[in-house]
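Single-structure report; data block below.
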Amino acid sequence: MNYNIGVIRGDGIGPEIVAEAVKVLDHIAAKYHHSFHYTEILMGGCSIDVNGEPLTKEAIAAAKASDAVLMGSIGGDAKTSPWYQLPPEKRPEAGLLGIRKALNLFVNLRPANLYQELKEACPLRDDIIGDGFDMMIMRELTGGLYFGERKTEEIDGKMTAVDTLIYNEDEIRRIAIRAFDTAAKRRKKVTSVDKANVLDSSRLWRKVVEEVAKDYPDITLEHMLVDNAAMQIVKNPRQFDVILTENMFGDILSDEASMVAGSLGMLASASLNDTKFGLYEPSGGSAPDIAGKGIANPIATILSAAMMLRFSFDLDEEADAVENAVQQVLKDGYRTIDIMPQDNSKKNTVKQVGTAEMGDLIVERI
Ligand code: IPM
Ligand code: MG
């Protein structure tokens, strides 16, 4: 089959990690007789440098014209980069929020599972890890605090800022339905995370999620307050299957879950709308501190490409091949620096490799 893939390399480590995912996709294309055609799309800081804005109309049109988009990461060092002298709506992050909204990518899937091989990189105790955990964070991505009205003004002589956390019932319902559908194919449990003891938006969230749950009698629904959820993820991550939550809570909890799973460099993500289209990107950021050093972990991006094969192209066998190759490379003892064992005495049991070498090793195993 022929597929058109938009490629946003982005900033920081973005170009390095995307190059490895493209390497993997090219290998899949050759092996399974597909043809992937790539269209380069500028977004984020690199687009500011060329176009004076983080996301152009042309970039949105190119993304829309693709079957799926593979993305690296965007943004730079807020202290040193000139991008952060610009007003907030002109900064790199505004490009990412803009493309999420323009493409209606309301579902953000962030799987966090612990590979047995990475137990040594996991900061949790062995008795907590047990035989591993496997949670799917489903983060609402086009509403909430990220897209509510915001302003900063002087009131009574004091600078005052306001951000609005806003959801309507339809926005809650459509992500809740996706969460229950996802749980139906997994371990049949949805934990809906909110702050219903304080926030109106959370009370509506809870009510709508309960309505949706009525259509899924064989799925267990539990509600959890977000502060407790943050604690439970480190206390007993094995209790979770699907975690359904609003935009900001999902942003925070997914970083936490990824660290518990070993490293942000392992966590893939898919942002989907109600068609087959998706934007696939690692959950981690652009890590400007290690950009250009060839040490970034490309696995999250490679696993994001596997999610693209599975969700947007229905190529399950190919996606399995990529995921198995990642597992094998870990079994064979190869690690990027971020997933090296924390305990010094265990460091010599594995071999540290750079970004491109990790990509090559995964390709060899497909
Ligand atoms: C993420 C990132 C973004 C977000 C930033 C870069 C705007 O942290 O994808 O999790 O907050 O959504
Ligand atoms: Mg984040």
Side-chain angles (χ1 to χ4, degrees), residues 8-14 17-18 42-48 53-55 59 63 69-79 81 83-84 86-112 135-148 150 163-165 167 171 175 193 226 229-230 233 243-261 263-273 278-289 291 296-297 300-301 303-304 307-308 338:
I8 300 176
R9 294 178 194 266
D11 311 318
I13 59 171
I17 54 183
V18 167
L42 279 184
M43 203 263 280
C46 55
S47 173
I48 299 176
E53 50 180 318
L55 178 68
V69 172
L70 177 69
M71 190 188 132
S73 50
I74 53 102
D77 183 337
K79 285 205 195 86
S81 164
W83 301 328
Y84 296 90
L86 298 166
E89 65 283 2
K90 299 253 182 223
R91 292 179 194 164
E93 287 73 11
L96 182 57
L97 300 194
I99 202 166
R100 286 173 180 167
K101 198 69 168 177
L103 301 173
N104 192 28
L105 304 172
F106 62 92
V107 190
N108 185 213
L109 290 164
R110 295 188 165 184
M135 51 190 142
M136 177 65 87
I137 299 188
M138 299 198 55
R139 167 187 178 194
E140 199 292 326
L141 203 58
T142 51
L145 274 172
Y146 278 67
F147 293 96
R150 68 178 100 257
D163 295 283
T164 319
L165 203 178
Y167 274 108
E171 291 170 316
I175 178 92
V193 172
V226 62
I233 286 174
I243 295 181
L244 161 66
T245 194
E246 67 92 40
N247 205 342
M248 173 72 109
F249 297 158
D251 178 45
I252 298 169
L253 294 181
S254 60
D255 268 30
E256 185 192 8
S258 70
M259 201 54 227
V260 162
S263 164
L264 206 44
M266 294 296 299
L267 195 62
S269 101
S271 303
L272 310 173
N273 58 22
L279 181 135
Y280 300 84
E281 53 164 324
S283 289
S286 59
D289 51 326
N297 186 349
T301 318
L303 291 173
S304 302
M307 289 181 96
M308 168 189 291
D338 56 305

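In what follows, residues are counted from 1 in the order of the sequence shown. Counting starts at 1 for both ligands and their atoms, in listed order. None of the values given here were measured: they were computed from a predicted structure.
Rounding to the nearest 0.5 angstrom, the gap separating the CG atom in L55 from the CD1 atom in I99 is 5.5 Å. How far CD1 of I137 is from CD1 of I243: 4.5 Å, rounded to the nearest 0.5 Å. In this structure, the separation between NZ on K101 and CG on N104 is 8.0 Å, given to the nearest 0.5 Å.
Within ligand 1, the atoms closer than 4.0 Å to a non-hydrogen atom of D251 are 1 (C), 4 (C), 8 (O), 10 (O), 11 (O), numbered from 1 in the order shown. With ligand atoms numbered from 1 in the order given, ligand 1 contributes 1 (C), 4 (C), 9 (O), 10 (O), 11 (O), 12 (O) to contacts under 4.0 Å with heavy atoms of R139. Each of the following atoms of ligand 1 lies closer than 4.0 Å to a heavy atom of R100: 1 (C), 4 (C), 9 (O), 12 (O). Atoms of ligand 1 found under 4.0 Å from any heavy atom of Y146, numbered from 1 in the order shown, are 4 (C), 11 (O), 12 (O).
Using a 4.5 Å cut-off on side-chain heavy atoms (C-beta onward), L105 and L272 make no contact. The shortest side-chain heavy-atom distance between M71 and M43 falls under the 4.5 Å cut-off.
Side-chain atoms of E256 and S254 include no donor-acceptor pair closer than 3.5 Å. Using a 3.5 Å distance cut-off with no hydrogens or angles, the side chains of N108 and S271 do pair a donor with an acceptor.
Using a 4.0 Å cutoff on heavy atoms, R110 counts as a contact of ligand 1.
With Y84 as the aromatic partner, K79 does not meet the cation-pi criteria of under 6.0 angstrom to the ring centre and within 45 degrees of the ring axis. Within the cation-pi definition used here (under 6.0 Å to the ring centroid, within 45° of the axis), R139 qualifies as a partner of Y146.
Nearest protein heavy-atom contact of atom 7 (C) of ligand 1 is E93 CG, 3.8 Å.
Shown are the protein N/O/S atoms under 2.8 Å from the Mg ion (ligand 2), given by residue and atom: D251 OD1.
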